[in-house]
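One structure below.
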Amino acid sequence: MQTVHIEFMVNGKEVALDVPAGATALQVIREMLGLKGSKEGCGIGECGACTVVVDGKAVNACLLLAAQLDGCRLLTVEGLADPAGLHPLQEKMIEHHAVQCGFCTPGVLMSSYALFAEKANPKREEIVAAVAGNLCRCTGYQQIITAIEAAVPGENR
Amino acid sequence: MNRDCTYHRPSTLAEAVDYLATKGGETTIIAGGTDVMVDLRAGKLERRNLLDVSRLDELRGIRLEGEKLVVGAAVTLAEIHRSPLLANHAPALQKCARNFASAQIRNKATIGGNVGHCSPCGDTIPPLVIHQAEMVCTGSSGQRRLPITEVATGAYRCQIARDEIITAFVLEPVGADFADFQKIGRRQALAISRMSMAAMLNQDQEGRITMLRLALGACTPTPCRLRLVEEFLLGKKPQPALLMQAGELLAEQMIAITGRRSSIIYKEPAVQGLFRRILSPVACHD
Amino acid sequence: MTEERYAVIGQSVLRKGAREKVLGAAVFAADIDLGRPLVLLARRSDHSHALIRQIDVAAALAIDGVKGVFTARDIPGVNLLGIINKDQPLLADDKVRSRADAVALVVAESQAVAEQAAEAISIDYQPLPALFEPLEALAEGAPPIHKKGNLLLTRVVRRGDVDSAFAAAASLIEKEYETGFIEHNYLEPDAGIGHVDADGTLVIYASTQNPHYDHKEVVGLLDLPDEKVRIIQAATGGGFGSKLDLNVQGFIGLALHHLGHLGRPVRYIYSREEAYLATSKRHPFRIRMTTACDRSGRLTAMRVRAVCNTGAYGSYGIAVASRAAVHATGPYAIDNVDVEVQCVYTNATYCGAMRGFGAPQMALAHESQIDLHAEELHIDPLAMRTMNALQVGATSSTGQILTASIGYRQCLEAVAPYYRQACDHWLPAPTLPHRRRGVGLGGMWYGIGNTGVQNPSTARIEMAPDGSVTLFTGCADIGQGSTTVLSQIAAEILGLSPEAIRMVVADTKYTTSAGATSASRQTYISGNAVANATRNLANVLLTEAVNRLRAPKNSLLFSGGEIVVASKPEVRVAMATLARRIHDKGGTLSWQGFFDPETVPLDPQTGEGVPYATYAFACHLAEVEVDTLTGEVHVARVVAAHDVGRAINPASVVGQICGGVAMGVGFALMEEFEQGRTESMKDYHIPTAADMPEVVPIIIEAAEPSGPFGAKGVGEPALIPTAPAIVNAISAALNRRIYALPASLERVLAASIDAGHYRRKER
């Protein structure tokens with residue numbers, strides 16, 4: 001088995017790993033880094049439960065080759081909160097009852113985080129488009145969208 | 001974890017071409033990975049040396065070069081969607097990127113991958129067809145260009161040689177009053193196109209069609225330019241009755257290519273419906 | 001009814017566990033780390049129907065890294081599973097009945113080795129004809145899938161004289177309806193992990209809806225004493241009925257039983273593909289429904305002949321058929337009823353519980369029939385429903401007299417203004433030329449709890465001498481929020497905040513059974529068990545307080561961790577003080593609660609009985625736009641009014657409603673599991689955020705006297721009216737009815753063409 005040496009940032013910390021050439025980023029995140037917040041729901045990019053943010057963009061970790069993380073900045077759900085407290089997205093998800101079974105929640109948070117990084121004042125339609133790749137079978141999305149809207153960082157809120 | 005893969009990330013196109021010259025037969029080119037990784041998981045990836053071209057500068061960027069619009073093969077669908085240049089010069093291509101799969105996939109999937117995968121459902125293909133795009137690829141024997149309609153020899157079967165890399169697409173900019181892309185899927189996101197269509201059209205002052213290009217996606221094994229329909233409508237005013245007639249011609253042309261499969265019960269009327277819908281903004285009602 | 005004021009009931013208390021979930025710290029079964037695990041993989045059948053002549057595992061065992069390969073012979077106990085009827089082996093013994101059947105179980109060092117070994121197992125089959133259609137399976141001479149034959153059950157409900165009523169009818173409508181297999185598609189694929197603890201107990205963490213049932217089955221499979229198996233529910237990523245059956249639990253138990261001496265944990269995580277292949281589906285139904293009404297629109301009679309396909313095993317099939325039969329009338333009073341629902345074995349993937357148990361399929365039929373009569377008699381569909389709505393005092397088709405908490409009319413009244421606005425303003429408003437708008441209604445009733453059988457729940461509450469409270473419940477919270485709701489019930493009674501109630505949930509070592517998280521039963525039944533336990537505890541505290549405060553019990557209140565004299569709030573005593581005194585006197589501060597709803601079993605010949613102690617009601621309004629050229633349907637808005645008795649946590653009720661509507665949109669428009677073809681999430685479409693209409697949830701509270709603070713349930717009701725409302729709206733938009741779900745692109749475009757909209761001149 002060929003391994004590939006990669007160096008990248010995980011939630012603000014530098015890491016260096018030798019990863020199997022055929023491993024997915026999701027396998028490495030969960031099994032080598034022990035960050036279990038990113039979930040495998042389908043393994044083929046259809047559910048979004050494994051969504052992480054790489055260099056500011058939301059991607060499906062199951063469709064990313066781990067070797068491709070080399071030199072990147074990776075943010076997982078574990079990196080959202082800081083010592084001062086929860087990220088506003090996390091707070092609003094709780095406050096607006098947007099969490100039911102919680103399996104889709106990390107992915108939804110990461111997609112929303114990437115949206116906010118790109119746009120300070122996304123409209124509701126833009127929020128819907130940003131999380132349309134995050135399937136949820138519990139909530140019907142309404143409370144999720146409302147929570148994300150409530151967490152929008154821009155001044156127009 | 002897939003044990004028997006190798007991974008190589010060249011830093012230049014030349015290096016990539018060198019690699020392929022010796023290992024092309026066992027190599028799968030990976031950029032966004034959104035198709036390759038699915039095959040890898042399913043155990044369907046036969047060529048297991050992964051050559052990562054996603055960071056090659058030579059494959060990136062969207063620019064005007066003289067009369068032509070050049071889109072790098074490693075340009076992502078998200079970049080296509082955000083590009084003001086494409087919004088101006090290739091609005092149908094830009095629009096196809098808007099509802100492509102999901103935000104996560106748009107951030108990784110590349111136009112080169114979408115074309116090179118040769119899925120009959122690739123959404124970038126009909127817009128590229130109406131822009132009379134050429135695919136540029138580079139291999140050990142140099143660079144060559146291939147019309148977009150000739151890239152696929154069948155569903156999931158690609159003309160590209162094992163030692164070649166798709167580097168760019170060269171498009172004729174729009175130069176038309178009207179261009180659009182529409183698709184039918186089973187849902188609003190993460191939907192493989194059941195059917196897609198791209199159209200580009202010019203009309204004279206009386207409303208007569210002076211230029212029309214029409215391409216169909218997800219219906220035929222390889223990309224399909226609908227020349228019979230184009231010729232039928234040229235010089236005519238697109239009145240509803242005429243469009244209905246043209247739609248019938250379109251369906252006939254499609255069936256001539258695909259034969260009568262069970263899905264045709266839907267596709268035969270739907271392709272006419274989609275055609276009438278996409279051209280409804282330019283229809284003449286006098 | 002007088003409005004009581006509550007401190008905690010009716011408050012949208014924040015979810016217990018939500019903080020862990022937003023941090024990514026909630027521990028699902030696949031996240032549990034017990035050290036280097038052995039990996040399990042089942043070898044599934046290569047045939048839909050075949051006898052097994054021989055299984056040769058030698059080649060698999062010879063592979064490096066394989067720790068064991070087990071077959072039916074290695075099961076020491078009873079190799080039969082099933083919560084209602086036991087007909088499903090964990091590992092096939094003499095035959096396979098579907099592709100989902102597991103034939104052997106591999107235990108290996110890694111997934112890759114397990115996959116290699118599973119393939120290396122050689123199975124000698126003698127193929128049998130495979131039957132996929134219930135009518136084929138019922139045909140004379142069809143090969144029996146089970147020894148007892150292919151008919152699992154016929155559920156009958158008969159009342160009055162249907163034929164005479166049909167003869168006198170002003171409107172008589174007979175139609176056939178069809179629904180397909182539906183995949184639950186919970187986001188978390190089934191998973192579990194287990195190990196043998198220091199006492200030799202098999203400890204299994206699993207994604208499950210019913211840990212105490214899992215316990216019973218694993219004990220039975222392995223022939224172990226009860227205390228040697230412990231099931232702990234891991235955080236569970238949705239279930240919707242499919243995690244009521246044993247999925248990975250039995251395999252993990254079997255592997256631990258044989259290989260526990262290795263000292264390694266064993267883990268089984270289904271890939272999504274395996275979850276699709278191997279777990280239950282919603283029963284497809286074919287329903288022939290005939291209904292009659294008089295000139296005024298009053299329904300007089302109904303006849304139903306329905307067949308549902310339970311696939312290879314019974315699972316919850318009997319419950320599905322029974323519930324479908326009982327719910328056939330919908331929330332309407334019909335005096336003459338003749339319903340027969342057959343539940344039939346085939347060689348399809350087995351079907352089991354899924355949100356609604358046959359009621360969603362039946363609702364498509366009864367709600368379509370109402371609209372058909374309304375159209376024929378030129379009656380407004382809302383008026384037609386109102387006229388026929390069940391009310392207090394009505395008798396149901398099983399002869400049950402409904403005495404209280406019948407909120408269907410209130411649901412209709414709540415939807416009425418939206419309906420009028422939609423009809424008067426939204427429908428006529430201009431839209432694109434190739435689009436047509438339609439408005440549709442769907443109604444439902446839903447019996448809370450299991451159908452005509454005992455289905456008790458228990459709970460235990462303990463107060464420590466320092467006054468701190470722990471509630472033990474076997475009730476699996478799979479995302480719906482029962483843990484929060486149960487804490488609210490206990491907190492209300494004790495005058496505490498829900499955060500002050502420590503919850504111990506779904507761990508068979510510490511909790512007693514709460515029954516299944518199914519049938520929308522946990523708020524009502526486990527809520528009552530919790531209330532019962534808590535009131536027992538409250539009573540001893542009050543007794544002690546009477547002594548202390550020298551005031552009669554009926555003058556005392558629980559408030560903020562104290563007991564106070566209502567009229568003299570300054571006279572008070574801390575519960576901690578009381579707890580310490582009770583404890584020191586040797587009194588008990590640990591109380592068990594119990595509740596079993598009062599039901600009477602259905603008579604097998606007539607269906608007479610009291611299937612449920614209470615019913616939930618709902619009405620949905622759907623506004624849709626149909627593209628007449630392509631068959632695409634856009635659902636613009638759904639107004640969803642639900643009588644839940646009492647919303648203990650309104651935001652959670654809203655969450656259930658919105659989630660139910662989403663599942664209903666999927667059921668209506670896009671979901672269809674095709675046997676042998678649907679393999680991954682590329683092939684099965686559930687609604688995305690972009691597919692969702694605006695949902696307007698309306699909570700109606702027709703309090704149920706026997707419910708905890710008046711509560712009933714909402715989990716399944718939320719889904720049931722959506723698809724009928726959407727189908728009625730599409731039918732109204734096109735003037736052509738859709739009789740089979742899903743109302744796919746193909747079916748809708750065909751209806752549009754048939755109705756002449758497709759060729760209509762556009763202007």
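We name chains A, B, ... by the order of the sequence lines, and we start the count at 1 in each one.
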Note to self: Taking salt bridge (charged side-chain N to carboxylate O under 4.0 Å, His left out) as the criterion, tell me which of B:R277, B:R194, B:R186 meets it with C:E632.
What the structure shows: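 Checked B:R277, B:R194, B:R186 against C:E632; only one passes salt bridge (charged side-chain N to carboxylate O under 4.0 Å, His left out): B:R277.
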Check: Could you state the interatomic distance from CD1 (B:I278) to CG (C:L629), rounded to the nearest 0.5 Å?
Finding: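 It is 12.5 Å, given to the nearest 0.5 Å.
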Margin query: Rounded to the nearest 0.5 Å, what separates atom CD1 in B:I192 from atom NZ in C:K682?
Written below: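 Answer rounded to 0.5 Å: 5.5 Å.
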Item checked: Which portion of C:I686 sits near chain B, non-hydrogen atoms under 4.5 angstrom ->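 For C:I686, backbone and side chain are both near chain B.
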Checklist line | Part of C:L745 within contact of chain B (heavy atom distance under 4.5 Å) | finding: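 Backbone plus side chain of C:L745, per the 4.5 Å heavy-atom cut-off to chain B.
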Next item on the list: Can you see which heavy atom on B:R276 is nearest to which on C:Y758, and at what distance?
Entry: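 Heavy atoms of B:R276 and C:Y758 come nearest at NH2-O, 2.6 Å.
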Item checked: Over all atoms of both residues, closest heavy-atom pair of C:I753 and B:P269 ->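 That closest heavy-atom pairing would be CD1-CB, 3.5 Å.
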Check: Among B:K267, B:M195, B:Q272, B:Q188, which has the most heavy-atom pairs under 4.5 Å with chain C?
Finding: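 When all of B:K267, B:M195, B:Q272, B:Q188 are compared, B:Q188 has the most.
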Next item on the list: Would you check, one step at a time, whether the test side chain to side chain contact (heavy atoms under 4.5 Å, CB included) holds for B:S263 with C:E746?
Entry: CA-CA 9 Å; B:S263 62; C:E746 291 80 358; over 6 Å; no
Note to self: For B:Y266 and C:T630: C-alpha separation, side-chain torsions, deciding distance, then whether side chain to side chain contact (heavy atoms under 4.5 Å, CB included) applies.
What the structure shows: CA-CA 9 Å; B:Y266 175 71; C:T630 62; 4.2 Å; yes
Item checked: Residues, nucleotides or ligands: over 12 heavy atoms within 6.0 Å of C:E694 CD ->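 Check passes, neighbour count above 12.
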Check: Should the heavy atoms of other residues, nucleotides or ligands under 6.0 Å from CD of B:E46 be counted, would the total exceed 12?
Finding: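 No, because the 6.0 Å sphere around CD of B:E46 holds 12 heavy atoms or fewer from other groups.
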Notebook entry, point to check: What part of B:V271 lies closer than 4.5 angstrom to a heavy atom of chain C: side chain, backbone, both or neither?
Noted result: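 For B:V271, no heavy atom lies under 4.5 Å from chain C.
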Next item on the list: Please step through side chain to side chain contact (heavy atoms under 4.5 Å, CB included) for the pair B:L190 and C:M681, ending with a clear verdict.
Entry: CA-CA 10 Å; B:L190 287 166; C:M681 275 176 76; over 6 Å; no
Check: Does C:D691 use its side chain to pair, donor to acceptor, with the backbone of B:R187 at less than 3.5 Å?
Finding: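 Judged by distance alone, no pair lies under 3.5 Å.
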